[in-house]
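Residue numbers start from 1 in every chain, and the chains themselves are labelled A, B, ... in the order their sequence lines are given, proteins ahead of strands. Only this structure's heavy atoms are used, side chains among them; waters, hydrogens and symmetry mates stay out.
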Amino acid sequence: MIANTLTVLLILTGLGFFAAGTAGLLRFPDVYSRLHALTKADNVGLGLVILGLMFQAGGLADVLKLLLIWALVLAAGTTAAHMVAQRTWTHGDFESDR
Amino acid sequence: MNDAGGLLLTILLSSLLPGIAIFFLAEHRRRLRIGLNLTGAVTKLVLVGVLLLGVLRGDEYRFSLPLMPGIDLVLAADSLSLLFATLSAVLWLVTTVYAIGYLEHSPRRSRFFGFFSLCVSATVGIALSGNLITFLIFYEILTLATWPLVVHRGTPAALRAGRLYLGYTLTSGLVLFTAIVWLTLLAGAEGFTPGGYLESLAETHAVTLQVLFVLLMVGFGVKAALVPLHSWLPIAMVAPAPVSALLHAVAVVKAGAFGIVRVVNDVYGAELALELGLTTGLLVVAAITILYGSIQALRAQDLKQRLAFSTVSQVAYIVLGVALAGPLGVIGGLVHLVHQGLTKITLFFCAGNFAETLGIHKVREMDGVGRRMPWTMLAFTMGALGMIGLPPLAGFVTKWHLGLGALQVDALWVLWVLVLSGLLNAAYFLPPIIRGWLGERREPWPEPMREQIGPTRFETHWMLLVPTLLVAALSILTGLLAAVGLSPLGWVAVIVQRDYIIPGLDT
Amino acid sequence: MSGLVETLAPGLLYPTGGAILFALGLYGLIRRHHLVLRILALNIMGSGVFMVLLGIAARGEGPPDPVAQALTLTGIVVAVSATAFALALVVRLARLTGNAIILPGPPDDDAPVDDISRLEHHAHTEAPEHIEPTARSGERR
Amino acid sequence: MNLLLVVFDLALLAGLIGVAWRCLASTDLFRAVVLFITFGLLLALAWVRLEAPDIALAEAAIGAGITGALLLVTLERLRVIIAGRRSDRPDTVPPDPSGPGAALQALHDPPPEPRTRLPALTFALVVGSLLVTTLWHQPDAAGLEPVVDAHMDASGVDHPITAVLLNFRAYDTFLELAIVLVALLGAWSLGRHDRIPARPAPGPILPGTLRLLVPVAVVTGVYVLWAGSHQPGGAFQAGAILGAAGILLVLSRPRRMPPPPGTLLRLGLGAGVGLFLASGVYGLLAGHGFLGYPPGWDYPLIILIEVAATLSIALTLVALFIAGRPEGDDRP
Amino acid sequence: MTLPGEAWLTSGVAGLIALSLLLAVLATVWPRQAHRIGIAGALAVNAWVLVLGAVFLNAGPEPMAAATRVALGSWEAPLGLMLHLDGLAMTLLALTAVVALATSLYSLGYVHDRIERRQFWPLWLWLWAGLNMLFVSGDAFNLYITLEVVSLTAVALVAFTGTAAAVSGAMRYLLVNLLGSLSFLMGVVLLFGEHGVLDLVLLEARAQVGPTERMAAVLMTAGLMLKAALFPVHVWLAPAHGSAPAPVSAVLSGLVVTGSFYLILRLWMGVFAPLATPAFGVLIGLLGVAALVWGSAQALRAGRLKSIVAYSTVAQFGYLLIAFPLMLVEPTAWRVVVFFAVVHALAKAAVFLAAGTLQHAAGHDRLVDLGDILRGRLRTVFALGLAGVSLMGLPFTGGFVAKYLLLEAGLGTVLAGSAIGVLWVIAIAGGGLLAAAYVLRMVAPAFHQGRIRRGEAVSAWMDWVPLGLALVAAAAGLSGTLVLYTLSLTPGAP
């Protein structure tokens with residue numbers, strides 16, 4: 001019973017961070033700040049959602065799988081953000097934004 | 001595929017196989033080509049002779065190949081088919097020799113002789129076909145085989161003539177095709193039976209049969225050059241002489257006439273045709289064609305044009321004879337099939353000789369040709385007189401029987417048509433003869449047009465002269481020896497006697 | 001209200017969605033001329049068909065129908081291979097004609113045609129690359 | 001509870017249709033491709049909702065992942081060919097007389113003229129509405145699930161979808177592998193391969209992450225392949241994951257393309273189809289019907305075929321990404 | 001040698017599919033020997049089809065008995081996939097074998113460049129395997145997959161020459177093909193949604209006249225028409241047939257079009273049989289007449305040899321559409337139509353191969369200045385003419401027998417009192433004339449006077465195969481009874 005309430009609470013806070021990240025994506029003026037908002041908020045949000053799900057997980061294997069998912073998303077997210085930032089830095093904004 | 005049928009197949013193949021072999025022959029292999037041609041022609045003649053004796057003895061020949069469920073490709077030899085087969089076999093041999101001489105140094109001969117033998121195989125196929133579908137198959141192959149011959153020279157005029165020829169024949173072929181499919185749907189794929197096989201349908205489908213008859217006549221009429229559909233014939237004169245000879249004396253025109261004979265006698269049967277009033281229509285068309293052809297021949301200045309228009313009218317004699325539906329009339333019609341073949345081929349050979357040796361094309365240029373080329377002129381005169389119908393010659397026999405036939409069926413106006421056309425024949429054949437013998441030529445004759453004719457003892461290349469004389473002799477003999485059993489007239493009497501139970505046969 | 005909820009079961013909602021996607025893709029395919037957009041439209045139509053199929057699979061109470069799902073998997077793999085080939089063709093067309101657009105009108109019929117049977121592979125002539133020397137794909141035509 | 005699901009479904013469908021509409025209506029190609037990738041991911045979500053985890057996995061890996069990568073690389077190639085300019089080397093642009101940057105122009109499809117709008121719209125609406133009405137008339141019957149369930153024990157695997165794919169309808173799956181191969185043959189027949197028109201990303205970040213990610217991807221791929229026999233997973237999903245890893249490798253070193261050895265590459269590509277056909281022919285000769293497995297041997301054979309299929313699909317997807325035939329083919 | 005019994009038939013069918021797939025896979029894996037594999041394979045498949053035909057004819061099912069059905073992996077329908085062999089499938093397998101053998105031999109000469117060969121043969125063998133699978137498949141989704149194999153390989157082969165015209169033609173063909181496939185698939189999905197089965201025979205048992213069947217019929221027929229790249233999209237796809245290499249366009253116009261027609265026929269005689277209303281038949285017939293007239297008119301106007309032949313395919317496809325109303329009045333007319341399709345495929349393939357040889361010799365195929373080559377290569381022109389005669393429907397060719405039977409069916413409907421039948425008869429008869437016109441356009445220059453030039457050296461294959469195939473097309477006339485008997489062994493069909 002406690003596990004369920006904990007899960008709901010954690011997932012809700014996680015969603016809150018996601019919402020913040022999306023708001024940042026829409027509001028911030030340039031690429032770098034948008035990247036910043038996305039990676040920070042969404043990774044934390046994902047962490048909280050995964051934490052919430054851990055309580056629902058069947059056994060240790062599932063918990064480890066969830067953690068693996070989180071780790072992979074972290075690695076992929078950071079690399080992608082770095083690549084986008086680097087490209088924007090080397091030769092200006094995307095044409096499509098102009 | 002009974003063994004007796006094998007003979008028919010070999011006759012067909014005797015000209016087909018050499019033809020295909022010649023197609024693949026290189027242009028310079030002259031001797032082999034001539035060898036193939038002649039062996040083909042001779043074997044066909046011999047085989048047809050054997051067949052002739054066989055049919056005379058009365059034994060059966062039938063070869064059938066399943067083509068579609070319920071419909072077979074049937075080759076059968078009855079006395080009528082023999083008449084046309086012998087004519088085409090004989091004339092093919094003669095025309096081959098003539099063509100070899102005529103096309104001595106011209107290009108593309110392998111192609112010519114390939115299609116030439118294909119053409120004759122189709123003609124023999126038409127002669128020997130046992131039912132309407134086989135007839136149609138060979139009839140259309142004939143169209144396709146003759147087109148390359150007509151356009152052989154490759155000049156724009158030749159191609160225009162070819163296009164017109166195909167236009168006429170293919171459209172009419174289509175009409176014929178639809179009519180035959182319709183007829184087969186109604187009456188089933190029956191073979192040619194003397195006296196026709198459509199009586200059972202007479203009551204119920206009278207009007208359809210009449211419509212079908214008209215369609216069939218349109219289909220055959222184009223090749224038989226009946227009036228409204230004849231205009232391709234004179235224009236096709238652009239083809240080389242052997243082709244014009246083959247087209248007009250043996251293959252195409254006769255195939256049309258033979259088709260009409262088959263339909264009237266062996267599909268509808270004389271009584272049914274009479275009953276449905278089909279013969280009167282045919283009679284009128286034939287008469288108009290005879291007169292129109294003669295008048296146009298009179299006006300034509302070019303020798304070959306004149307001969308072409310005379311063919312238009314002469315073939316209408318055959319149709320007239322058949323349309324009379326009396327025994328004598330049918331005899332007259334059928335016998336004219338052979339007579340016209342022989343005499344017309346003589347005239348065309350002569351015209352070819354004149355053109356090739358002295359470059360004469362117009363009737364006006366024929367003054368004094370009798371002195372320069374006496375033999376050819378003699379042959380020309382004999383042929384022309386035969387055409388006009390002078391008593392001892394073949395033409396007279398035909399007109400005599402046609403007259404009797406008209407009297408028998410008491411169609412008097414036909415008699416007047418015959419007399420009038422006889423006069424017209426004289427009107428357009430006599431001037432060339434008179435010019436030839438009596439006219440004198442002021443400037444000297446050009447030395448032979450074709451250097452390869454070379455110094456020959458005769459007036460032109462022997463291969464051009466001998467066939468002409470041979471055929472002229474044949475046309476004279478058929479006239480003189482008409483009464484003898486094996487002459488065309490005798491053979492036609494056998495046909496009429498054995499095959500057509502026409503009431504009131506009295507001769 | 002509850003009646004409505006029953007009717008809007010996934011077995012009916014998703015096929016309807018799939019049909020709408022199919023029609024949307026068709027509209028896009030007809031309207032847009034750029035080949036990449038047309039390929040995207042075809043992919044969206046494909047997804048529409050698969051949505052209808054999987055919606056049908058989810059019908060009825062029990063577990064979803066594995067045959068329909070297997071067919072969808074096959075369809076997706078076929079779709080990706082067709083798309084990959086189409087994109088390779090688009091690149092080839094762009095290299096030949098300079099743009100990746102197929103106009104709606106009928107093609108000009110008498111364009112000069114040389115045929116491969118006459119090609120001999122003597123020297124491998126590298127087409128001079130005006131941009132920069134990436135190894136141009138073997139222009140054997 | 002049911003109401004919540006309906007709301008979720010409607011939201012998801014609205015999202016899907018909206019994204020699809022924006023994707024097709026956008027004039028800039030790059031925007032269209034990005035929207036298409038999001039459409040793919042949303043689609044994966046829809047398949048999860050329709051209780052089809054295998055398909056969701058495949059859609060995410062193949063539909064959104066591989067197709068997205070192919071589209072992006074095609075855009076870059078088009079940009080290089082048409083505009084004659086590479087996005088990461090602005091200085092190489094030849095003086096461009098024709099108005100706005102040709103690059104922009106290359107990947108920009110002007111909105112179509114309104115003339116064809118009405119007929120196309122009516123046609124699409126007619127087709128759509130006919131489809132919807134037909135679907136509404138269809139009975140709510142369960143499909144072949146009971147039949148499959150009845151034969152599951154004889155199929156040699158526990159997971160129904162793998163059973164259908166590799167046993168009951170093995171012929172379709174074989175042809176599917178063949179189509180992937182044929183698509184590659186078609187792409188190869190168009191021309192020899194050229195390097196990906198991009199400069200390697202400077203800095204250690206990408207190679208470093210790849211060194212971490214690629215092994216994990218390989219392990220996941222093998223796991224998904226192995227799990228396929230008793231739970232969602234299988235050859236195609238595993239092949240896609242490995243293919244994606246391969247594409248990452250290719251992207252990390254775009255210039256130094258490792259020239260694949262001719263015969264080995266061909267054998268790898270043909271492994272899946274070849275093995276499947278060999279087992280099928282054996283089944284035919286041994287009397288179990290073409291593509292049938294001898295009793296008792298079906299599980300090992302299926303696993304063997306799945307491994308070969310995964311290898312082939314991964315190689316084919318990477319080769320399709322490179323989209324050009326190796327030089328080896330052109331040596332006489 | 002005693003022919004194996006009827007039991008061998010089932011494994012014979014599966015064996016044929018296995019053999020053609022084996023060839024394709026071998027050629028893919030071993031491209032340097034692909035052409036040798038191809039030729040050996042072509043002979044092997046032809047031998048196999050011959051034996052299969054022999055066994056089918058004497059040990060095959062009586063007309064009313066069930067067709068030979070092969071359960072793949074011994075899983076019976078509705079779960080497993082069934083192969084389906086009956087008279088119709090057998091005839092088309094034989095046709096595919098003959099045309100494919102001729103095209104393979106021709107390709108030996110046509111694609112003689114070592115590097116081209118390595119790509120041509122695997123694609124070609126996959127296309128042939130796809131066609132074989134298409135004709136024996138008995139499952140709706142399997143049909144979609146085999147159609148996809150056929151389409152992708154066909155498009156790759158159309159783009160093979162690599163010129164701008166060929167690649168843009170291939171791109172248009174691919175877009176139309178993918179749209180056709182998706183439309184076909186949507187039809188299959190609708191049928192699956194309604195009946196829960198995919199096997200054609202089971203579907204036929206359960207199909208009744210309802211909204212699903214009607215919508216599925218429209219979608220699947222439209223899809224197949226699109227894939228045949230003919231009517232109603234042929235305006236947009238003219239170069240697809242024309243600018244492809246000659247052997248490919250021969251197969252496209254011959255087999256792929258016949259494959260689409262076969263599927264339409266199979267569906268409308270089986271699953272959608274109850275839907276075939278006379279009004280629908282007349283509509284399809286009018287479409288056919290329009291295709292016939294438009295195709296012939298374009299063929300008379302086209303400037304290039306291969307375009308003329310491509311447009312004549314559109315015209316001849318019109319014939320097949322005209323046959324639909326005939327089948328409604330007289331059910332057994334479908335056999336005549338299939339025979340016509342078989343003969344047309346042979347003749348059209350021969351014409352395309354001959355056109356390919358002439359184009360290779362001249363370096364171009366603009367009809368205006370092709371005269372000297374036509375005069376130089378009489379053997380190829382004769383092949384073109386002979387096959388053209390078969391297209392015209394004149395004796396002595398297969399076309400003549402086919403046209404006879406079509407006219408017989410047409411007149412049968414007229415005599416049965418359908419007034420519109422007269423239009424069909426006129427169209428069938430008139431079509432032959434139009435065909436004569438554009439065949440003459442191609443052949444006539446050979447008879448003009450003028451320069452004679454042999455042009456580029458042409459390999460022996462390219463010289464003799466068109467003639468051989470044209471002779472086979474002519475000999476098809478003799479096979480009328482045999483083919484129609486085989487077609488009658490189709491259970492379920494009228």
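- Side-chain contact between Val90(C) and Arg77(D): absent, with no pair of heavy atoms (C-beta onward) separated by less than 4.5 Å.
- For the pair Gln69(C) (side chain) and Glu51(D) (backbone), a donor-acceptor distance under 3.5 Å is present.
- Within the model, atoms CD1 of Ile55(D) and CE of Met51(C) stand 13.0 Å from one another, a figure rounded to the nearest 0.5 Å.
- With contacts defined as side-chain heavy-atom distances shorter than 4.5 Å, the pair Arg31(C)/Leu121(D) does not qualify.
- Contact of Val36(C) with chain D is made through the side chain alone, with heavy-atom distances under 4.5 Å.
- Contact of Ile30(C) with chain D is made through the side chain alone, with heavy-atom distances under 4.5 Å.
- Phe236(D) has its side chain out of reach of Ile76(C): every pair of non-hydrogen atoms, C-beta onward, lies at least 4.5 Å apart.
- In terms of heavy-atom proximity, Pro160(D) sits nearest to Pro66(C) at CB-CB, 3.7 Å.
- Interface remark: Ala57(C) contributes no atoms to any contact with chain D (heavy atom separation under 4.5 Å).
- Of the candidates Leu177(D), Leu165(D), Leu175(D), Leu165(D) is the only one forming a side-chain contact (heavy atoms from CB on, under 4.5 Å) with Thr74(C).
- Here the closest heavy-atom approach between residue Ala20(D) and residue Leu21(C) is recorded as CB-CD2, 3.8 Å.
- The contact between Thr83(C) and chain D is made entirely by side chain atoms (from C-beta outward), counting heavy-atom distances below 4.5 Å.
- Of the atoms belonging to Leu29(C), not a single heavy atom falls under 4.5 Å from chain D.
- Within the 4.5 Å cutoff, no side-chain heavy atoms of Thr72(C) are placed close to those of Glu59(D).
- Of all heavy-atom pairs spanning Ala187(D) and Phe85(C), the tightest one is N-CD1, 3.6 Å.
- Taken to the nearest 0.5 Å, the CD1 atom of Ile62(D) stands 6.5 Å off from the CG atom of Leu73(C).
- Neither the backbone nor the side chain of Ala68(C) comes within contact range of chain D, judged by heavy atoms closer than 4.5 Å.
- Judged by distance alone, with hydrogens and angles left aside, the side-chain atoms of Arg32(C) form a donor-acceptor pair with the main-chain N or O of Ser26(D) at under 3.5 Å.
- Heavy atoms closer than 4.5 Å to chain C are found in both the backbone and the side chain of Ile161(D).
- In this structure, the portions of Tyr27(C) lying under 4.5 Å from any heavy atom of chain D include both its backbone and its side chain.
- His34(C) has its side chain out of reach of Thr27(D): every pair of non-hydrogen atoms, C-beta onward, lies at least 4.5 Å apart.
- Here Ser81(C) contributes atom OG and Leu320(D) contributes atom CG; the two are 8.0 Å apart, rounded to the nearest 0.5 Å.
- Side-chain contact check for Pro64(C) versus Leu50(D): every heavy-atom pair is 4.5 Å or farther apart.
- For Ala58(C), the part sitting under 4.5 Å from any heavy atom of chain D is the side chain, from C-beta outward, and nothing else.
- With a 4.5 Å cut-off on side-chain heavy atoms, Leu135(D) and Tyr14(C) do not count as touching.
- By the 4.5 Å heavy-atom criterion applied to side chains, Phe36(D) and Ile44(C) are counted as neighbours.
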